[in-house]
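Heads up, the thing below is written out as structure tokens.
We use all heavy atoms of the structure for the numbers below, so side chains are in, but hydrogens, waters and symmetry mates are not. Keep in mind that this is a model prediction, so the values were computed, not measured.
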Amino acid sequence: MKIIKSKKYAIAVLSSLTILVGMQTLSAQNARIKIDVDRTIGEVDKNIYGNFVEHLGRCVYGGIYEENSPLSDENGIRLDVLDAVKELNVSITRYPGGNFVSNYNWKDGIGPKDDRPARMELAWSRLESNRFGTDEFMAYAKRMGTEPYFSVNMGTGTIKEAQEWVEYCNVKSGPYYAELRKKNGHEEPYNIKYWSLGNEMDGFWQMGHLNAEDYSKKAREAAKLMKLTSPEIKLIAAGSSNYRPNADPNEWNEKVLHELRDVIDYLALHMYVGNVENNYYNFVSSPLVLEERTRVVKGLIDREMENADRGNRPPIYIAWDEYNIWYRARGEETMAGTKALEERYNLEDALVISGFLNAFIRNADIVKMANMAQLVNVIAPIFTSEKGMFKQTIFYPIQLFANNVKGTSLDVHVDCETYDTGEFFIGLGESTTIQKDVPFLDVSATYNNGEVIVCVMNRNKDKAITTDLLCQEGIFDGEFEVYEINGPDIKSENDFGKTSVETKKKSSLKVKKTDKITYDFPAHSFTMIKGSIVK
């Protein structure tokens with residue numbers, strides 16, 4: 001952090017030569033959050049509260065699924081994990097990858113389990129037993145109460161394989177793969193609505209990596225076959241995942257959008273951040289980079305929509321279908337095998353996740369899907385052992401948002417102190433950024449049937465920020481619930497048998513017909529306040 005400054009009023013002038021000689025303190029004004037229910041951004045899509053299950057490390061085997069475990073049912077489903085997953089109210093779940101999907105043949109994962117072939121898993125260097133596949137995932141998705149979102153293999157796979165998977169899942173009866181599904185014991189089609197055309201195809205690390213032109217050609221033809229098989233499906237194209245310093249992600253996005261503007265419904269973007277330099281203030285500003293990238297891609301989409309032929313379909317939206325914090329478990333020893341990518345999270349990580357979620361709300365007009373990567377063990381909010389599980393710090397902001405924040409996103413005005421960062425790497429395998437005028441209060445708000453929900457992350461590591469919430473249209477009235485995520489310090493972690501960071505319900509605010517609520521947002525905290533606005 002370089003400077004702390006105020007946007008709206010003068011600060012004391014510090015004069016020194018070799019020693020401190022004087023400092024003037026001015027009367028401080030409270031920070032302000034102005035809420036106007038008539039200033040709207042867009043409707044919050046439930047699918048921004050999605051997650052991701054990949055055949056990677058212990059996400060599936062030893063995570064959601066563990067045969068012969070005393071904690072599992074007769075189908076191998078870990079019941080303790082399932083209970084925790086349900087608390088997250090996961091709206092949509094992406095499956096089965098990820099890098100995994102670019103060398104995956106879905107046909108290996110159907111039929112009698114004992115007859116399925118074991119395969120070399122090349123993306124994450126492990127053996128894939130294929131004992132968990134399409135039908136097992138769909139059974140799990142039903143128990144979760146989540147919408148399935150499948151990704152087809154656009155690397156080593158063919159467009160015909162993609163079409164056949166749609167046939168297996170979505171056609172009621174008649175053709176071969178629909179009848180095969182029925183033979184496998186699943187009479188009714190799954191009617192999977194969301195399908196992505198590959199994963200991270202701009203990445204040189206991807207098996208079957210293509211340039212933008214070749215990817216667009218293959219994706220267009222796959223889309224043609226898939227839509228002819230099941231016309232109502234929604235298609236997601238692989239947008240930028242490679243933001244390394246020598247990459248040109250905007251060029252990739254521009255070409256893919258131009259070529260597929262009449263075909264796709266979403267463009268998928270990916271982003272992982274990390275506190276590589278152990279600089280708290282840099283790290284908690286990193287969700288603002290996601291917001292910058294969102295605005296750039298929105299501009300590219302707007303330009304292509306001017307000449308698109310989409311009939312009565314809505315414009316293309318953005319799906320941030322991979323995002324998270326991932327930098328600790330990213331070395332040679334932690335990137336492969338049966339215990340890959342097992343990141344352990346702390347309070348500052350939970351604050352960054354709240355910043356991502358605030359960013360999705362503030363861009364509700366264009367961001368209509370988001371999938372945290374991933375659900376269990378692998379850079380995940382839930383962590384297991386053979387004997388039990390615990391909820392990581394990042395579990396709690398997702399849980400709060402997914403179960404509460406809906407309706408119309410409001411364009412709130414925030415007036416508070418800010419700071420500038422130096423240049424820093426956003427994460428491993430990422431570019432650098434410099435963030436100017438980072439507000440200490442990171443805020444989003446929604447309005448739904450008379451209820452306003454205000455979500456505030458206080459980035460200040462050391463100080464509470466006294467803030468006036470000002471109602472610009474109508475008045476606050478009634479009891480306002482307050483929920484807070486915090487911990488003893490920014491490095492506080494959870495573990496088996498230890499919960500240092502969690503959501504706590506605070507004392508409610510008793511409000512009677514007023515246009516102002518004053519609240520002290522604690523240092524290094526996330527707070528959600530919800531109550532009624534009477535117009």
Side-chain angles (χ1 to χ4, degrees), residues 52-56 59-61 64-65 67 75-77 93-142 148-201 206-210 215 218-219 221-230 233 235-236 238:
F52 178 27
V53 169
E54 181 172 5
H55 286 246
L56 194 177
C59 183
V60 174
Y61 306 107
I64 66 174
Y65 179 80
E67 292 181 287
N75 297 311
I77 300 302
T93 304
R94 185 171 175 242
Y95 176 81
N99 293 354
F100 169 81
V101 82
S102 290
N103 193 41
Y104 176 61
N105 190 328
W106 67 270
K107 298 171 191 176
D108 291 340
I110 59 173
K113 291 183 183 181
D114 292 340
D115 294 341
R116 299 179 190 177
R119 301 288 190 192
M120 290 182 63
E121 203 294 287
L122 300 178
W124 305 107
S125 302
R126 48 182 290 279
L127 182 68
E128 173 54 56
S129 70
N130 283 306
R131 294 184 67 82
F132 190 96
T134 299
D135 298 315
E136 288 77 23
F137 176 78
M138 290 306 300
Y140 194 77
K142 184 177 181 180
Y149 162 27
F150 277 12
S151 179
V152 303
N153 180 351
M154 292 292 289
T156 64
T158 67
I159 62 175
K160 184 61 175 169
E161 286 173 16
Q163 180 274 327
E164 291 166 345
W165 202 6
V166 176
E167 181 182 308
Y168 184 88
C169 293
N170 286 12
V171 177
K172 183 174 178 61
S173 61
Y176 176 79
Y177 287 102
E179 293 299 320
L180 182 59
R181 182 199 68 247
K182 292 165 68 176
K183 181 181 177 182
N184 289 337
H186 309 282
E187 184 70 23
E188 294 300 316
Y190 295 130
N191 296 320
I192 296 171
K193 181 178 180 180
Y194 296 93
W195 296 80
S196 71
L197 300 166
N199 172 75
E200 295 187 353
M201 296 306 297
Q206 205 68 208
M207 288 171 283
H209 162 61
L210 300 168
Y215 167 71
K218 187 173 183 179
E221 294 309 304
K224 183 189 299 180
L225 272 64
M226 294 164 72
K227 294 271 291 189
L228 286 170
T229 304
S230 184
I233 62 175
L235 296 174
I236 298 92

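Taking 4.5 Å as the limit, some side-chain heavy atom of Y104 sits within range of a side-chain heavy atom of N130. Taking the side chain as every heavy atom from C-beta outward, L210 and M154 never approach each other to under 4.5 Å. When side chains are defined from C-beta on, C59 does not count as touching E54, because their heavy atoms never get closer than 4.5 Å. With contacts defined as side-chain heavy-atom distances shorter than 4.5 Å, the pair N170/T229 does not qualify.
Between the side chain of Y61 and the backbone N or O of F132, at least one donor-acceptor pair lies under 3.5 Å. Between the side chain of R181 and the backbone N or O of K172 there is at least one donor-acceptor pair closer than 3.5 Å. Using modelled atom types, no side-chain atom of Y168 and backbone atom of W106 make a donor-acceptor pair closer than 3.5 Å. Without hydrogens or angle criteria, K218 side chain to G155 main chain gives a donor-acceptor distance under 3.5 Å. Counting only distance, with no hydrogens or angles, the side chain of K182 and the backbone of S173 share no donor-acceptor pair below 3.5 Å. Formation of a donor-acceptor pair under 3.5 Å by the D108 side chain with backbone atoms of P117 is not found in this model.
The two residues G208 and M201 have their closest heavy-atom pair at O-CE, 3.2 Å. What you find for T134 and Y190 is that their closest heavy atoms are CG2-CE1, 4.4 Å. Residue S151 comes nearest to G97 through the heavy atom pair CB-O, 3.2 Å, listed as atom of the first residue, atom of the second, then distance. The nearest pair of heavy atoms linking W165 to P96 is CH2-CD, 3.8 Å.
Between F150 and F137, the ring-plane angle classifies as tilted under the 30° and 60° cut-offs. Using cut-offs of 30° and 60° on the angle between ring planes, the pair F100 and H55 is parallel.
At most 12 heavy atoms of other shown residues, nucleotides or ligands fall within 6.0 angstrom of atom NZ in K142.
Annotation: the span from E164 atom CD to E161 atom CD amounts to 7.0 Å, rounded to 0.5 Å. The OG1 atom of T158 sits 8.5 Å away from the CG atom of N105 when rounded to the nearest 0.5 Å. Remark: E167 CD to L225 CG distance equals 10.5 Å, nearest 0.5 Å. To the nearest 0.5 Å, atoms CE (M226) and CD1 (I233) are separated by 4.5 Å.
Ring-centre distance between Y95 and Y149: not below the 6.0 Å cut-off.
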Would N199 and R94 count as a side chain to side chain contact (heavy atoms under 4.5 Å, CB included) here? Give the steps. CA-CA 11 Å; N199 172 75; R94 185 171 175 242; 2.7 Å; yes
Run the side chain to side chain contact (heavy atoms under 4.5 Å, CB included) check on N75 and Y140 step by step: do they pass? CA-CA 10 Å; N75 297 311; Y140 194 77; over 6 Å; no
Determine whether V152 and V101 satisfy the following criterion, side chain to side chain contact (heavy atoms under 4.5 Å, CB included), listing intermediate values before the conclusion. CA-CA 7 Å; V152 303; V101 82; over 6 Å; no
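K113 is linked by a side chain to side chain contact (heavy atoms under 4.5 Å, CB included) to Y65, E67, R116, R131, E136, counting only residues two or more places apart in sequence or in another chain. For N103, the side chain to side chain contact (heavy atoms under 4.5 Å, CB included) partners two or more places apart in sequence, or in a different chain, are L122, T156, M207.
Side-chain atoms of Y177 and K107 include a donor-acceptor pair closer than 3.5 Å.
Between R119 and E121, no side-chain nitrogen of the basic residue sits less than 4.0 Å from a carboxylate oxygen of the acidic one, so the salt-bridge criterion is not met.
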